[in-house]
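Inspection log for the structure reproduced underneath, given as structure tokens.
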Amino acid sequence: MSRTFWKSSCSSFLLLLAGAFLFAAAHPGYIWKDGVALLGFVALVPVFCAVRAAPRILVAPFGFLYGFLCYASYAWWLFPYNARAFFAAVGATAFMIALVFVLMRWLSGLFPLRGSYAMALVWCAYEYAKSLGFLGFSYGILGYTQWRSPLMLSSASLGGVWLPSAFCAFSAAAACSVLRSLPVRRSAIPAFVRAQLPPLCVLLAFFLLAGGFSIAERRLPQRPVKLVSVACIQHNPGSDRYSPESYRADVSALLSLTEQALAADPGTQIVVWPETAVVPPVVYHYERRIDFERYNIVVDMLSRLSRLDACFVIGNQHRVGLEDGTTADYNAALVFDRRERPLVPPAPDVYAKMHLVPFAEYIPFVDGGDGQLWSPGSSAVVFSARGVRFAAPVCFEDSFGSLCRRFVAAGAECFVNLTNDSWAQSGICQRQHLAMAVFRCAENRVPMVRATASGASCFIDSRGRVVREAAPFVACSLSGSMEIPVSPKETLYSLCGDWLAQSELVLLLWLVVCGIIKMRRRGVEKLAENEVE
């Protein structure tokens, strides 16, 4: 192989190592706890440069390597929990990024003057596509590096997290184009500049639009709000919880923390327990009474809660008997309020988690049997209690903007998120989850409280800012007031959803069609030249 081949291979390899480091450093993770937002704007610069410089035969392997390095460093917390799940998730993502690299290289070759912007478009479309469907995976989206940026959070109300992602990707494309212009021959500079001006102007216009919108929004008069007092219970359970003794210990800890929180603030209106905080199905065991050990846990819990004047939102494994004699289990949020109906016998309002975690809560493509660990819910339920309408997305459901938007469309004034990330035993996992959750508030301009098993329990305001947070991995309660707008205004995102990401996907398809047409024309012209010769 030629010296040029090895030189370009080595330089591309080093660029990809730099890109993987920037990706990991920009996100909340092991390098910086909360990530570095500014690095999100340059994380793809070495990637775009490497794709254009690498030998064609190495583009796909380099893409796989880059994807593996990025997500292995990003999601290392998954390895101690389950090594097979780690390699499956990281490997699948790396394979997708390998395909992304091939498409980026092809388009950059067909449109050399604006190839960097074509690559940014491919990246944005890939991020949206990987979040779709029952296998959707939202972790690692570039826009989430901006979770501490007021400007980028404000822009999310226009285009969702996809707008900050586009800012990051296209800013990197502009920087890559400038770097490529440095060795351009003087005679070619005018043509190169003319090619760069339109996309640069569009990028600048979007920045100005987002900045102007953010400034104008801050100067608007404060809308009237109603205060709802909430207590989030974080009981910090052990990782091995699957025995009646541990179920009883968990419920006892939850009840004690709840009673302490209500004693400290008797005006608390809503108390939130984490996802699957109570494992034994409450209604099922109360009604069937076939397992008296679990039945006694349920009865004791309901008896103590019925003496407390608050609305309780409880994460529970909810079991329902079916007509054929079988049962269906749901990862659910149960809502009890003695002002509406007595807690005994239990007749709670129920929301069943709709978007289950693939391979953890169900096995894709396997119906029933051992593959169906949980059944998915089908309705975006909105609860009404203590003068507020709220939705209760369960765990990683708050990482999907389109799903949370459904709750707002159904009338939710705020989110009450129930999460259990304690299985990972990782503060990094919890920070990455929190970085996604704040965007659901910013996109729809509604506040959120998060009650988690071990962190990060917190209050998030309607602009996506974390205003109060509990320490991780400690048993505690976090109390405070949610400020809920009395007459909330719908944002562009809550009205139109993922319009920006869908537009990027359509634009990419159009660009691919143009590329195919351009290749065919080149082939015809080359054939004609050969015939003339």
Side-chain angles (χ1 to χ4, degrees), residues 229-287 289 291-319 331-350 383 385-386 392 394-395 416-420 422 449-455 457 470-480:
S229 181
V230 182
C232 301
I233 308 301
Q234 178 178 296
H235 60 307
N236 193 35
S239 57
D240 184 12
R241 304 168 54 221
Y242 303 105
S243 68
E245 294 77 15
S246 64
Y247 301 157
R248 181 173 290 280
D250 284 347
V251 170
S252 178
L254 289 159
L255 287 167
S256 296
L257 289 168
T258 298
E259 289 166 347
Q260 292 170 20
L262 292 176
D265 185 1
T268 299
Q269 297 164 277
I270 299 175
V271 177
V272 190
W273 290 5
E275 175 193 21
T276 57
V278 180
V279 178
V282 172
V283 177
Y284 179 84
H285 282 294
Y286 185 89
E287 292 178 347
R289 308 187 186 191
D291 185 326
F292 280 94
E293 195 164 13
R294 287 171 170 79
Y295 168 78
N296 288 331
I297 294 173
V298 168
V299 170
D300 291 346
M301 179 192 78
L302 294 174
S303 176
R304 288 176 66 176
L305 290 180
S306 64
R307 296 194 291 267
L308 304 173
D309 184 21
C311 169
F312 297 96
V313 185
I314 295 174
N316 182 228
Q317 174 183 325
H318 184 57
R319 180 170 295 168
N331 189 349
L334 311 186
V335 175
F336 296 90
D337 189 349
R338 75 179 193 181
R339 292 187 184 181
E340 300 295 328
R341 62 179 72 93
L343 272 68
V344 181
D349 294 321
V350 180
F383 301 106
R386 306 294 168 120
V394 177
C395 201
V416 175
N417 175 248
L418 289 67
T419 286
N420 183 358
S422 64
V449 293
R450 301 182 78 236
T452 70
S454 61
S457 297
F473 301 110
V474 295
C476 63
S477 63
L478 182 69
S479 298

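Numbering of residues begins at 1 and proceeds along the displayed sequence. Computed over heavy atoms, backbone and side chain alike; hydrogens, waters and symmetry mates excluded.
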Below 4.5 Å, heavy atoms only, C-beta onward: do [X] and [Y] meet side chain to side chain?
{"X": "Leu478", "Y": "Gln234", "answer": "no"}
{"X": "Trp273", "Y": "Leu418", "answer": "no"}
{"X": "Leu308", "Y": "Thr258", "answer": "yes"}

Got a sec, which residues hit side chain to side chain donor-acceptor pair (under 3.5 Å) with [X], two or more places apart in sequence or on another chain?
{"X": "Arg294", "answer": "Asp291"}
{"X": "Ser454", "answer": "Gln430"}
{"X": "Asp337", "answer": "Arg386"}

Nearest atoms (heavy-atom pairs only) where [X] meets [Y]:
{"X": "Arg338", "Y": "Ser306", "result": "NH1-O, 2.9 Å"}
{"X": "Leu334", "Y": "Pro348", "result": "CB-CB, 4.0 Å"}
{"X": "Asn420", "Y": "Glu275", "result": "N-OE1, 3.0 Å"}
{"X": "Val394", "Y": "Asn417", "result": "C-ND2, 4.2 Å"}

Query - Pairs where residues 297-306 contributes a residue and the test salt bridge (charged side-chain N to carboxylate O under 4.0 Å, His left out) is met, not counting sequence neighbours - result: Arg248-Asp300, Glu259-Arg304

Would you say [X]'s side chain and [Y]'s backbone share a donor-acceptor pair under 3.5 angstrom?
{"X": "Thr268", "Y": "Ser229", "result": "no"}
{"X": "Asn316", "Y": "Pro280", "result": "yes"}
{"X": "Ser477", "Y": "Ile233", "result": "no"}

Report summary line: Across all chains, not counting sequence neighbours, the side-chain contact (heavy atoms from CB on, under 4.5 Å) partners of Pro281 are Tyr284, His285, Gln317, Arg319

Requested in this report: Would you please name every residue forming a salt bridge (charged side-chain N to carboxylate O under 4.0 Å, His left out) with Arg339, sequence neighbours left out?
Outcome: Asp309

Query raised in the report: In Å, rounded to the nearest 0.5 Å, how long is the span from OG of Ser252 to CD1 of Ile297?
Result: 10.5 Å

Query - Partner of Pro237 under side-chain contact (heavy atoms from CB on, under 4.5 Å), chosen from Ser246, Ser422, Pro274 - result: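 Between Pro237 and the candidates, side-chain contact (heavy atoms from CB on, under 4.5 Å) is satisfied uniquely by Ser422.
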
Query raised in the report: Applying the side-chain contact (heavy atoms from CB on, under 4.5 Å) test to Phe336, which of Leu302, Asp349, Leu305 qualifies?
Result: Leu302

